[in-house]
Amino acid sequence: GRALSRADLERLGFLYDELGVPADVLAILITHCFEEYAARYGEGRQPRLSYVEKIAVEWMQLGLRTPKLAEEYLAAREQRRSQVAKTARLLGISGRALTRTEEKYISLWLEMGFESEALERAYDITVVNTGQLTWRYMDSILRRWQQRGILTLEQAEAAEQERRAPVR
């Protein structure tokens, strides 16, 4: 929405020359930064070049040096964001953004490999036992399950039945 200043051009030159961000990757990166910023802060808001520079450093550390790798990274990131949002709705959270801590918990559980139905069961157990969503309580349930190899609803229910079965 404005002409680039000399300082802006120098920063972009730094990203290209010194940091080694290829021009085609830089175009994807800048587009991504503008879209992220607009989504987070509202249409019309534009990121500063310091933000673009920060993301460029992250991308180079991740080895995103080709358009294909950059696009795959963004697609995987969007898929994860969709999974996190779906899980938040499953936990009864809607109408607000997740806190960083909430997002970290959900991301961790997804990385652990839990299916949605297993997360829903852990949520149910948490609410029944505490009267509300208690993140640490639910996390402890899921960590115990993961240690025992329980990642699906069927496995959780089987373990629950086994636990309730009378000892002979």
Side-chain angles (χ1 to χ4, degrees), residues 19 21 25 28-43 45 47 50-168:
L19 202 55
V21 182
V25 174
I28 294 168
L29 173 98
I30 291 170
T31 300
H32 164 70
C33 288
F34 272 77
E35 289 171 354
E36 279 282 306
Y37 214 79
R40 186 176 298 158
Y41 301 109
E43 284 299 318
R45 299 283 310 270
S50 58
Y51 175 74
V52 174
E53 194 172 321
K54 176 185 169 220
I55 301 302
V57 169
E58 289 176 12
W59 281 27
M60 291 303 97
Q61 289 173 341
L62 291 170
L64 305 177
R65 298 185 183 279
T66 67
K68 182 177 188 259
L69 290 173
E71 295 291 351
E72 287 172 354
Y73 169 78
L74 291 175
R77 187 179 161 138
E78 184 54 37
Q79 182 180 11
R80 175 51 55 103
R81 182 176 289 152
S82 175
Q83 291 173 320
V84 168
K86 177 183 172 190
T87 303
R89 286 189 304 276
L90 181 132
L91 300 176
I93 300 170
S94 62
R96 69 171 177 82
L98 293 171
T99 67
R100 286 189 176 157
T101 302
E102 291 170 333
E103 197 167 330
K104 283 180 184 177
Y105 272 120
I106 292 172
S107 291
L108 174 67
W109 299 336
L110 293 171
E111 287 170 17
M112 291 172 145
F114 286 103
E115 291 183 351
S116 295
E117 293 82 10
L119 292 172
E120 191 171 21
R121 181 66 184 126
Y123 171 67
D124 185 56
I125 292 169
T126 300
V127 172
V128 166
N129 290 329
T130 68
Q132 63 186 355
L133 171 56
T134 306
W135 292 93
R136 285 185 181 167
Y137 191 91
M138 185 168 165
D139 187 57
S140 69
I141 291 169
L142 292 168
R143 286 180 187 273
R144 277 194 314 273
W145 285 1
Q146 189 210 24
Q147 288 172 349
R148 295 174 53 201
I150 299 169
L151 299 173
T152 67
L153 176 62
E154 294 77 24
Q155 292 168 333
E157 288 175 344
E160 225 173 287
Q161 281 183 341
E162 186 179 303
R163 188 176 59 84
R164 289 185 182 156
V167 180
R168 295 181 193 219

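Position 1 is the first residue of the sequence, and the numbers go up from there. Predicted model, so just to flag it, every value in this text is computed and none were measured.
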Taken in chain and number order and not counting sequence neighbours, the residues that satisfy salt bridge (Lys or Arg N to Asp or Glu O under 4.0 Å) with R100 are none
Sorted by chain and number, sequence neighbours left out, salt bridge (Lys or Arg N to Asp or Glu O under 4.0 Å) with R136 holds for none
Output for pair (I141 CD1, T126 OG1), nearest 0.5 Å, gives 3.5 Å
Compile the donor-acceptor pairs under 3.5 Å between side chains in residues 148-156 and protein atoms, sequence neighbours left out, one pair per line.
unit_1 : atom_1 : unit_2 : atom_2 : d
T152   : OG1    : Q155   : N      : 3.1
T152   : OG1    : Q155   : OE1    : 3.3
Q155   : OE1    : L151   : N      : 2.6
Q155   : OE1    : T152   : N      : 3.0

Sorted by chain and number, sequence neighbours left out, side-chain contact (heavy atoms from CB on, under 4.5 Å) with D139 holds for Y105, L108, W109, R143
d(I28 CD1, E71 CD) to nearest 0.5 Å is 4.0 Å
Correct closest heavy-atom pair for L133 and V127 would be N-CG2, 4.1 Å
Shortest non-hydrogen pair, V84 vs S107, comes out as CG2-OG, 3.7 Å
Nearest heavy-atom approach of L119 to L90 is C-CD2, 4.0 Å
For Q132, the side-chain contact (heavy atoms from CB on, under 4.5 Å) test, sequence neighbours excluded, returns T130, T134
Residues pairing under salt bridge (charged side-chain N to carboxylate O under 4.0 Å, His left out) where one sits in residues 108-120, two or more places apart or in two chains, turn out to be R80-E111
Taking every heavy atom of R45 against every heavy atom of Y41, the minimum-distance pair comes out as CG-O, 3.5 Å
| said: Please check: side-chain N/O of T87 versus main-chain N/O of Q83, any donor-acceptor pairing under 3.5 Å? | reply: yes
Please list every donor-acceptor pair under 3.5 Å in which a side-chain atom of residues 59-66 meets a protein atom from a residue at least two apart or in another chain.
unit_1 : atom_1 : unit_2 : atom_2 : d
T66    : OG1    : L69    : N      : 3.1

Check: Would you find more than 12 non-hydrogen atoms of other residues, nucleotides or ligands less than 6.0 Å from E162 atom CD?
Finding: no
Separation between CD (E35) and CD (E78), nearest 0.5 Å, reads 9.5 Å
Those residues at least two apart in sequence (or on a different chain) that pass side-chain contact (heavy atoms from CB on, under 4.5 Å) with E160 are R121, I125, R163, R164
Residues passing the ring-ring contact (aromatic ring centres under 6.0 Å, His included) test with Y51, sequence neighbours excluded, are Y37
For W145 and A118 the tightest heavy-atom approach is CZ3-O, 3.5 Å
Sequence neighbours excluded, the answer for salt bridge (Lys or Arg N to Asp or Glu O under 4.0 Å) partners of K104 is none
Residue set satisfying side-chain contact (heavy atoms from CB on, under 4.5 Å) with K86, at least two apart, ordered chain then number -> R89, S116
Residues at least two apart in sequence or cross-chain that pass salt bridge (Lys or Arg N to Asp or Glu O under 4.0 Å) with E43, listed by chain then number, are none
When rounded to the nearest 0.5 Å, the distance separating CD of E102 from CG of L91 is 9.0 Å
Value for OH (Y123) from CH2 (W135), rounded to nearest 0.5 Å, stands at 9.5 Å
